[in-house]
Protein chains: 2
Amino acid sequence: MAGLKQVQRQTGVALWRQIADRIREAISSGAYDETGMVPPETVLALQFGVNRHTVRSALAALAQEGIVRAVQGRGTLIERKERLNFPITKRTRFSAGIGDQAREMRGLLLDEAREEASAEIARWLHLKPGDQVIRLETLRQADKRPVSRATSWFPAERFAGIGAAYRKGESITKAFAELGLSDYVRATTEVTAAHAGAADMADLELTPGAILLITKAMNTDLDGVPVQYSISRFAADRVQFTIEN
Amino acid sequence: MAGLKQVQRQTGVALWRQIADRIREAISSGAYDETGMVPPETVLALQFGVNRHTVRSALAALAQEGIVRAVQGRGTLIERKERLNFPITKRTRFSAGIGDQAREMRGLLLDEAREEASAEIARWLHLKPGDQVIRLETLRQADKRPVSRATSWFPAERFAGIGAAYRKGESITKAFAELGLSDYVRATTEVTAAHAGAADMADLELTPGAILLITKAMNTDLDGVPVQYSISRFAADRVQFTIEN
DNA sequence: TTCAAATGTCTATTGATATAGACAACCATA
DNA sequence: TATGGTTGTCTATATCAATAGACATTTGAA
């Protein structure tokens with residue numbers, strides 16, 4: 001790990017936030033695995049070329065996120081460092097791929113609504129604008145920790161009752177199975193990144209300025225008929241995607 | 001587009017930066033296509049619930065990026081709004097997919113080095129740690145505008161001279177062809193997101209606090225033998241990825 | 001020509017950010 | 001139990017970020 005380079009001065013983003021990002025990245029990359037601790041505040045201050053108080057602000061933010069825990073007299077211990085891997089493959093089975101990485105994977109239904117398809121949703125689901133669709137607002141957690149927040153649309157007549165099915169099975173796959181769709185495939189996925197907004201920050205327990213990985217995905221049944229369109233927002237510092245071709 | 005919601009107060013990230021991000025997003029989503037202009041500063045200030053001076057700081061930042069141009073007495077004109085789409089498919093042809101979106105796609109070789117494979121690189125390329133590899137540092141531009149910054153490793157003995165070939169053809173595909181590898185496939189791709197560091201900020205002409213989309217990809221020849229491992233950093237506000245399964 | 005609407009510039013004030021230094025409290029261990 | 005290394009707390013100061021108000025300058029259209 002030799003030495004983290006000095007931070008450069010940026011306008012618009014507080015120094016302590018930039019340093020928090022750097023330390024979070026270093027932790028997640030295993031730079032401090034030998035000791036299981038972050039270097040002393042004075043050392044970090046020297047490495048980054050900033051005042052010790054600034055480092056303390058950064059560490060306080062990381063402690064708030066539950067990543068580190070400071071103990072007076074000893075040092076700052078690393079509490080969590082994992083980054084969940086989400087495979088993006090033709091056969092979409094989020095829960096399956098995650099099973100070995102987290103003990104408890106849950107999907108919570110935050111809201112359900114029946115509404116008319118917008119032009120964009122209609123295009124993705126091969127419907128006419130105004131056709132009825134069901135919208136689900138869901139939150140995925142790994143070991144009690146929120147990982148992603150998704151908004152999904154389904155053709156209303158084919159998937160009536162999917163809200164209740166999701167609430168019961170806590171996953172899209174199980175909800176589909178409950179409604180008689182035993183298999184489906186991922187058709188297209190778009191990936192972008194952006195800063196988190198207010199609502200997502202709250203749901204995903206993010207600190208201000210955090211990054212989201214955003215996927216827009218369309219799934220079809222085995223006949224190629226669209227069954228789901230969804231926009232998912234992932235906490236970027238907790239996940240990575242893997243695309244296997 | 002009705003109305004952009006009020007921004008919330010965040011610590012650590014300057015308000016004007018958050019607002020710049022929101023406006024950039026609105027421009028790229030086509031919200032202001034009718035007029036080709038951003039709403040007046042006073043209107044934006046009202047929409048976001050901030051002072052006009054704060055909006056001006058945001059617009060100044062966007063002007064610095066070349067996205068808008070303010071004209072006294074008229075308004076603030078939109079100069080650029082595109083977001084390049086990069087398909088991530090088995091057959092990786094970056095230049096091909098981009099052809100219809102940008103007039104001029106270039107790949108510049110920033111640096112070339114022959115070095116020993118680290119443990120990680122060796123693992124990806126199915127080599128032994130310490131085996132010779134060639135590392136290329138490249139920069140991709142679309143219409144003179146930097147889009148991504150990549151670091152790629154190749155087995156040295158098989159692809160000796162790939163630096164010169166890349167400099168000549170300005171793409172990995174052409175460089176491979178020059179060296180007798182006419183076809184190759186994308187084996188695995190990992191996608192993450194993070195804030196840009198100093199070096200990438202400079203190369204990609206990013207403003208402080210900008211987001212990077214990061215891919216780690218391994219390509220093989222048609223026999224499944226690894227030919228390239230690369231880490232690419234994309235300016236997140238200029239691109240999106242599309243995964244077609 | 002006049003006027004409304006838009007951006008440009010200036011001054012002033014408040015709170016957040018960053019630096020600096022000093023010292024207290026706590027922990028592990030020699 | 002003494003000591004060195006570490007985090008916790010306090011005070012003080014300078015700079016940046018954000019708000020507020022006033023007015024100048026430019027443009028396009030009535």
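Labels below follow one simple rule: chain letters A, B, ... track the order of the sequence lines, proteins then strands, and each chain is numbered from 1.
With C:dT7, C:dT19, D:dT19 as the choices, the nucleotide that has an atom nearest any side-chain atom of B:Thr76 turns out to be C:dT7. In this structure, of D:dT9, C:dT9, C:dA6, it is C:dT9 that holds the atom nearest to the side chain of B:Arg52. The side chain of A:Arg56 approaches D:dT7 more closely than any other nucleotide in the set D:dT7, C:dA18, D:dA18. Checking D:dT7, D:dA18, C:dT19 against every side-chain atom of A:Asn51, the shortest atom distance belongs to C:dT19. In this structure, of C:dT17, D:dG8, D:dA18, it is C:dT17 that holds the atom nearest to the side chain of A:Ala14.
The CD atom of B:Glu41 sits 16 Å away from the C1' atom of C:dA4 (whole-angstrom rounding). What separates CH2 of A:Trp16 from P of D:dT15 is a distance of 23 Å, to the nearest Å. Distance B:Leu46 CG to D:dT19 P: 13 Å, rounded to the nearest Å. Summarising the geometry, the separation between CE on A:Met37 and P on D:dT6 is reported as 9 Å, rounded to the nearest angstrom. When rounded to the nearest whole Å, the span between CZ of B:Phe48 and P of D:dA18 equals 14 Å. Counting to the nearest Å, the C1' atom of C:dT7 and the CG atom of B:Leu62 are 15 Å from each other. At whole-Å resolution of the value, CG in A:Leu77 and C1' in C:dC27 are 12 Å apart. Atom-to-atom, CZ of A:Arg17 to C1' of C:dT17 comes out at 13 Å; the value is rounded to the nearest Å.
B:Asp203 places no side-chain N or O within 3.5 Å of a backbone atom of B:Asp200 that could act as its donor or acceptor partner. Under the 3.5 Å distance criterion, the side-chain polar atoms of A:Thr35 are matched with a main-chain donor or acceptor of A:Met37.
Ring pair A:Tyr229/A:Trp124 is parallel by interplanar angle, where below 30° counts as parallel and above 60° as perpendicular.
Counting any heavy atom pair closer than 4.0 Å across all strands shown, B:Ser57 reaches no nucleic acid atom.
Contact between the side-chain N/O atoms of A:Thr42 and the OP1/OP2 oxygens of D:dG5 is not found at any separation under 4.0 Å. For the OP1/OP2 pair of D:dA17 and a distance below 4.0 Å, the side-chain nitrogens and oxygens of B:Thr54 include no atom meeting the criterion. OP1 or OP2 of C:dA28 has at least one side-chain nitrogen or oxygen of A:Arg74 nearer than 4.0 Å.
Between A:Gly73 and B:Gln72, it is B:Gln72 whose nearest contact on DNA chain C lies nearer the 5' terminus.
The side-chain heavy atoms of B:Phe48 and B:Ile23, taken from C-beta on, include a pair separated by under 4.5 Å.
Using a cut-off of 4.0 Å between Lys/Arg side-chain N and Asp/Glu carboxylate O, A:Arg135 and A:Glu112 are scored as not salt-bridged.
Checked by distance alone, A:His53 brings no side-chain donor or acceptor within 3.5 Å of a matching partner on the base of D:dG8.
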